Enquirer: 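For reference, the structure I am asking about is given below.
Source: prediction; values computed, not measured. The chains referred to below are lettered A, B, ... by the order of the sequence lines, with proteins before strands, and numbering in each begins at 1.
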There are 2 protein chains.
Amino acid sequence: MSAKPRTRIQQKNRDTILDAALDVFSIHGFRGATLDQIAERAGLSKPNLLYYFPSKEAMHQELLTGLLDTWLDPLRAMDPQGKPVEEMLGYVRRKLDLARDYPRESRLFANEILQGAPRMRGAIEGDLRKLVAEKAAVLTRWMDEGRIARVDPVHLIFSIWALTQHYADFDVQVRAVLGAGHDPFAEAGRFLETVFTRLLQP
Amino acid sequence: MSAKPRTRIQQKNRDTILDAALDVFSIHGFRGATLDQIAERAGLSKPNLLYYFPSKEAMHQELLTGLLDTWLDPLRAMDPQGKPVEEMLGYVRRKLDLARDYPRESRLFANEILQGAPRMRGAIEGDLRKLVAEKAAVLTRWMDEGRIARVDPVHLIFSIWALTQHYADFDVQVRAVLGAGHDPFAEAGRFLETVFTRLLQP
DNA sequence: GTCTATACTCTGATAGAC
DNA sequence: GTCTATCAGAGTATAGAC
């Protein structure tokens with residue numbers, strides 16, 4: 001769905017630029033980021049950036065496009081026909097893996113929401129809300145059938161987001177508190193499995 | 001501990017400026033915020049801002065100073081002599097109240113950490129880490145005594161931070177997903193009480 | 001396609017009148 | 001104490017040579 005790539009070199013440069021832009025936007029947010037920083041990380045001149053993208057805004061938009069989809073894939077993958085506790089633990093696992101493997105994307109998203117979601121409001125009130133309602137209905141059914149413990153299903157989903165994204169977004173704090181010799185994501189995996197197993201056991 | 005206030009008017013203007021600065025910094029982060037925005041919200045001219053504070057940096061610093069202390073007070077208040085489950089639920093309650101009553105401060109903090117904590121690293125590696133270690137020891141003792149369920153004590157504290165701050169930092173998303181007619185913090189209070197009661201019950 | 005040079009705007013900060 | 005005027009530098013974006 002992205003703009004027409006022509007040559008292989010063009011595509012490569014676009015990717016290089018987007019990667020550098022993700023570095024900078026994810027740390028400083030849209031307003032705090034500068035083209036100079038992005039150009040430096042990409043190893044290209046500033047005008048050259050603007051040969052590939054019409055504006056700073058366009059780079060940011062391209063990064064946001066599709067981000068929400070990627071972010072929601074783990075939730076989409078939750079199978080209404082599966083075993084409830086397993087499905088939930090699987091969702092937590094996939095969401096944590098995403099936070100571990102794509103921390104910059106997680107922070108880009110966090111920045112966008114912190115700023116009031118000026119560029120994602122529509123998607124959040126639309127796709128996101130709809131998917132959550134759909135999965136919350138599945139959770140409610142499982143609770144009615146006594147297959148998982150009863151608890152507010154929407155806030156249950158919020159809690160998974162909060163607990164997994166925390167390890168990406170607050171990585172600096174997590175590592176500072178843990179100190180050296182720790183693997184935050186490995187420990188988080190074990191901890192969250194315990195939490196949700198105890199919480200959901202009927 | 002803040003700079004010498006002289007007249008009552010001076011103190012009032014300083015407070016007005018800091019309040020406006022908190023509005024802007026908490027949304028856009030340090031780099032993304034501008035003095036123009038702060039001046040407009042404060043109803044003062046830009047040079048007048050700089051009569052009260054030597055620089056933009058100084059305003060930001062003043063807001064950060066003491067923020068960590070406020071943020072950690074609920075954890076400090078956890079009593080090693082109290083009843084374990086009650087103490088933990090009390091901590092969650094106080095932390096959630098803080099997120100509800102001071103969402104801008106929560107977002108200011110989130111922005112700072114997201115950006116790699118360039119202005120708070122020392123405090124995080126010092127005071128914060130020390131306090132967490134101290135309280136984790138208390139939690140470990142309670143687990144050894146069989147008074148709360150065994151779980152990684154540091155990640156347990158992380159989980160309280162993540163779950164409470166989420167409602168302030170991702171407020172826009174939470175409200176968009178819940179839709180109208182909800183009180184996110186009231187619902188969160190009930191949900192988190194359930195979560196931590198089930199998790200910690202020995 | 002990529003660069004140098006540059007136009008033009010925004011931003012933090014200062015000078016100086018009142 | 002507060003304002004208008006203004007500066008210097010940074011910022012996004014464009015023009016035009018190669």
Enquirer: Taking donor-acceptor contacts at under 3.5 Å, does the side chain of B/Lys46 reach the base of C/dG12?
Expert: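 Per atom types, the contact qualifies.
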Enquirer: Can you list the residues that meet the salt bridge (Lys or Arg N to Asp or Glu O under 4.0 Å) rule with B/Arg31, with sequence neighbours excluded?
Expert: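 For B/Arg31 there are no salt bridge (Lys or Arg N to Asp or Glu O under 4.0 Å) partners, ignoring immediate neighbours.
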Enquirer: Just compare D/dA13, D/dG1, C/dT2 and give me whichever is closest to any side-chain atom of B/Tyr51.
Expert: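 When the side chain of B/Tyr51 is considered, D/dG1 is the closest of D/dA13, D/dG1, C/dT2.
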Enquirer: Reckon B/Ser45 has a side-chain N or O less than 4.0 Å from the OP1 or OP2 of D/dG1?
Expert: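 No, because none of the side-chain N or O atoms of B/Ser45 sits under 4.0 Å from OP1 or OP2 of D/dG1.
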Enquirer: Which part of the nucleic acid does A/Tyr52 contact within heavy-atom distance under 4.0 Å: base, sugar-phosphate only, or nothing?
Expert: sugar-phosphate
Enquirer: Just to confirm, is there a sub-4.0 Å distance from OP1 or OP2 of D/dT4 to any side-chain nitrogen or oxygen of B/Asn48?
Expert: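 So the side chain of B/Asn48 is outside the cut-off, no N or O lying under 4.0 Å from OP1 or OP2 of D/dT4.
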Enquirer: Starting at CG of A/Leu50 and ending at P of C/dT4, how long is that distance when rounded to a whole Å?
Expert: 15 Å
Enquirer: When the distance from NZ of A/Lys12 to P of C/dG1 is rounded to whole Å, what number comes out?
Expert: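 That distance rounds to 13 Å.
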Enquirer: Measure from CG on A/Leu49 to C1' on D/dT14 and round the result to the nearest Å.
Expert: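 The distance from CG of A/Leu49 to C1' of D/dT14 comes to 14 Å, rounded to the nearest Å.
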Enquirer: Calculate the interatomic distance between B/Met59 atom CE and C/dA13 atom C1'; express it in whole Å.
Expert: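 Computing the B/Met59:CE to C/dA13:C1' distance gives 11 Å.
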Enquirer: Could you tell me which residues satisfy side chain to side chain contact (heavy atoms under 4.5 Å, CB included) with B/Leu49, sequence neighbours excluded, listed by chain and number?
Expert: B/Ile17, B/Leu35, B/Ile38, B/Ala39, B/Leu44, B/Met59
Enquirer: Kindly point out which of D/dT2, D/dC3, D/dA13 is positioned nearest to the side chain of B/Pro47?
Expert: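 Among D/dT2, D/dC3, D/dA13, the one nearest the side chain of B/Pro47 is D/dC3.
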Enquirer: Give me the one residue out of A/Arg104, A/Lys12, A/Arg41 that meets salt bridge (Lys or Arg N to Asp or Glu O under 4.0 Å) with A/Asp19.
Expert: A/Arg104
Enquirer: Tell me which residues in residues 22-44 of chain A put a heavy atom below 4.0 Å from DNA chain C, sorted by number, or none.
Expert: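 A/Arg31, in order of number.
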Enquirer: Using the test side chain to side chain contact (heavy atoms under 4.5 Å, CB included), find all partners of B/Ala77 that sit at least two apart in sequence or belong to another chain.
Expert: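 Side chain to side chain contact (heavy atoms under 4.5 Å, CB included) list for B/Ala77, sorted by chain: B/Arg94.
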Enquirer: Rounding to a whole Å, what distance do you find between A/Glu57:CD and D/dG11:C1'?
Expert: 15 Å
Enquirer: Do B/Thr7 and B/Gln10 get their side chains close enough for a donor-acceptor pair, meaning under 3.5 Å?
Expert: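 No.
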Enquirer: Using atom CZ of B/Arg14 as one end and atom P of D/dT2 as the other, report the distance to the nearest whole Å.
Expert: 13 Å
Enquirer: Excluding sequence neighbours, so at least two apart, what forms ring pair (Phe, Tyr, Trp, His ring centres under 6.0 Å) with B/Phe158?
Expert: B/His155, B/Trp161
Enquirer: So does A/Ser55 get a side-chain nitrogen or oxygen closer than 4.0 Å to the phosphate oxygens (OP1/OP2) of D/dT14?
Expert: no
Enquirer: Report the residues that fulfil ring pair (Phe, Tyr, Trp, His ring centres under 6.0 Å) with B/Phe25, sequence neighbours left out, ordered by chain and then residue number.
Expert: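 Expected list: B/Phe30, B/His60.
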